[in-house]
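Written below as structure tokens is the structure these notes are about.
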Amino acid sequence: MQKNRQPDFAQWDEEQLPVASNKLHGGKHFAGLYAGEHVAATEFVIGATFVALGAATRDILLGLLIGNVLAVLSWTFLTAPIAVQTRLSLYTYLNKIAGDTMTLVYNWANAIIFTVISAAMITVSASAIRFIFDIPAQLNWYSTHPGFLLIVVLVGSIVVLIATYGFNTVADFSSICAPWLFTLFIAGALALLPALAHEVIGVTAITNFNQFVLIGDQSIWKGVTDTGEPGIGLMEVIGFAWAANTITHVGLIDMALLRYAKKASYGLYSSFGMLFGHYIAWIAAGIMGAGAAVLLRQPVSSLDPGDVAYYALGASGFVIIIIAGLTTANANLYRAGLAAQAIFTNHSRRRNTMVVGIFTVIIACFPFVFSKMLPLLTYAGLIVVPVGAIVFAEHFLFPKIGLTRYWAQYQQLVTSKPALIAWGMGLFLGFGLNAVNFMSFYYLFIPTWFFTLVVYTWLAKRSGADQNYTSEIAQEKQLQEEIRVFQVQKSREEKVQYVDDSILSKLLGALSIACLLVIAILAMNTMFASPNMEVYQRNKEQFHHIAFLCTIGYFVFAYWKLRREKALIK
């Protein structure tokens, strides 16, 4: 009898295999990746949204902290452990659990969701560049200026190019941008606080925290909406911050990123995005939006990100909108490419990402995608969360209650009816509760997640998840071992990268840090050394000019250092 031949793993797309041990990354990669993605252009919009929703200052300061900590814990205890234990993206892992039919539907949904999110970020970046060329703001659902369309195509091409090169390129790009983005958000807020202080308390200097709260209450987070109605409270702010990224943590989409982590505890590195981005950057964006509104004598709602960034940061504001949009668009287009690759398995991830990128650029030509960004994120999260519950149940719960993981695959089911039904029932519950206003929309993912988990577990047991699959489990273990051996052999043929500890690299690193320090010092000088509006205007102009030069210097030095590190391959 002829023995079964070992699968030719060399013919498999790398994205369909578990991440090899030599491809894993340390915490620095994830700190940069999360900070780069979540200190983004959307922060200008969301920061202004809290102002429009009428949140109060103390609710913002406390609520955003609690909500973002909950988000970090979700990444750490839900997403990261499954990603590290499987080393697979959700798109690939779901196929082992739910079969081809549900996986196909789910991957199409994700490809569309992340394509639209990427398109929105490209539109944001284009909004900054249109400011330079005096192209009017694009406020309709369609573009009214051919120059804006050209800008979108150029920016989109850069995003697609970076995303097609995969995780390492996306991570490298984010790791360079993240420190600068964070510095500029803080600097922009500091630079406009004196203008707000002068508007509220009649002086440009803020001497204590109570004055800051007073300025916030009267000019930024007033506790009421523009129509005078009571604004959202503490619980809504907490829910907003926690639910903003349910699609990636509770929905497990970030398995695609965290499968490269050496340890499950690296989920904590999401705090670089949540605490630096969604906490500090949202607060800073609110301050910048309110400050720009004061200087322009216009309501915050009438300003686009390009307006806000320019009046806060000068020429550097154009750069921050462009870079912040690119970092978010890159990560989401990478996810969209993974989803597409899981659909069109005969084509590489790079080719799928390129095709998805073309559609992304086309969608980005329609500015309405940006104006509908927040509803898109919240509804997308509600769509994905039930699937996260199904995967969590199968991966963690089933082994503890006597059910078998991958039972649908062992039964060779094309469609896992329990998974498909549970997903549908979860969606019906979530959107049904929203329709009857049962609870705050921001918390709907919680009952939806638990409900789906219980329903799927019950249906799976009735469909045979409690049967004996001893031989199938043994074959699965053998397959995983064969994959491991293949990857070890392949790793021996690959080049090894060494740490660059040369004096030149250390000097480049020091110079890039020095550029950021100069920006921060000048921003603090504008904030704390402006006794009146005349001096404030001079300090702000000086800050704008030198910050732009330091921005150029930072990217030159940081990129030069990165290229040297990449060149040290033996």
Side-chain angles (χ1 to χ4, degrees), residues 31-53 55 57 60-69 71-72 75 117 120-121 124-125 128 174-193 196 212 216 220-221 237-238 240-245 248 269-292 300 303-313 316-329 331-332 373-374 377 516 519-520 523 527 547 551:
L33 195 63
Y34 276 104
E37 180 181 357
H38 295 285
V39 183
T42 47
E43 282 30 288
F44 285 101
V45 182
I46 297 175
T49 298
F50 284 116
V51 176
L53 291 175
T57 303
I60 285 290
L61 298 178
L62 180 59
L64 290 184
L65 178 62
I66 296 173
N68 283 303
V69 168
V72 171
W75 264 297
I117 293 175
M121 292 301 95
V124 171
S125 294
S174 294
S175 66
I176 289 179
C177 298
W180 175 83
L181 284 168
F182 178 68
T183 302
L184 266 289
F185 263 94
I186 298 299
L190 291 175
L192 287 187
L193 267 173
L196 286 172
F212 173 77
I220 310 174
W221 307 287
V237 174
I238 293 173
F240 188 107
W242 191 11
N245 285 95
T248 53
Y269 282 95
S270 60
S271 60
F272 283 84
M274 293 302 98
L275 299 184
F276 293 156
H278 287 190
Y279 183 65
I280 295 177
W282 281 354
I283 293 173
I287 294 171
M288 283 189 277
V300 175
L303 305 178
D304 74 3
D307 296 318
V308 175
Y310 173 74
Y311 284 98
L313 297 162
S316 298
F318 298 134
V319 184
I320 194 173
I321 293 293
I322 296 169
I323 295 297
L326 291 179
T327 53
T328 303
N332 284 293
M373 187 66 186
L374 294 181
L377 288 176
L516 298 183
I519 293 173
M527 167 70 185
T551 288

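Everything numeric here is computed off the predicted structure, so don't read it as measured data.
Listed here is the closest heavy atom pair of Ala281 and Gly277: CB-O, 2.7 Å. Residues Tyr269 and Ala31 share a closest heavy-atom pair of CD2-CB, 3.8 Å. Contact record, Thr57 with Gly216: OG1-C, 3.0 Å, taken as the closest heavy-atom pair. When every heavy atom of Trp282 is checked against every heavy atom of Ala244, the shortest pair comes out as CH2-CB, 4.1 Å.
In this structure, OH in Tyr34 is found 11.5 Å from NE2 in His278, a value given to the nearest 0.5 Å. If you take CG on Asn68 and CD1 on Ile238, they are separated by 10.5 Å, rounding to the nearest 0.5 Å. In this structure, Ile220 CD1 and Leu196 CG are separated by 5.0 Å, a value rounded to the nearest 0.5 Å. Between atom OG1 of residue Thr551 and atom CG of residue Leu516 there is a gap of 8.5 Å, rounded to the nearest 0.5 Å. Distance OH/Tyr310 to CE/Met288: 15.5 Å, rounded to 0.5 Å.
Exactly one residue among Leu62, Ile60, Ile66, Leu61 makes a side chain to side chain contact (heavy atoms under 4.5 Å, CB included) with Leu64. That residue is Ile60.
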Can you give the donor-acceptor pairs under 3.5 Å from side chains of residues 184-193 to other protein atoms, not counting sequence neighbours?
none

### Query
Hey, mind stepping through Trp221 and Leu53 against side chain to side chain contact (heavy atoms under 4.5 Å, CB included) and telling me if it holds?
CA-CA 9 Å; Trp221 307 287; Leu53 291 175; over 6 Å; no
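For the pair Trp242/Val237, no side-chain contact is recorded, criterion being any heavy-atom separation below 4.5 Å from C-beta on.
Formation of a donor-acceptor pair under 3.5 Å by the Tyr279 side chain with backbone atoms of Gly273 is not found in this model.
Using cut-offs of 30° and 60° on the angle between ring planes, the pair Phe276 and Phe182 is tilted.
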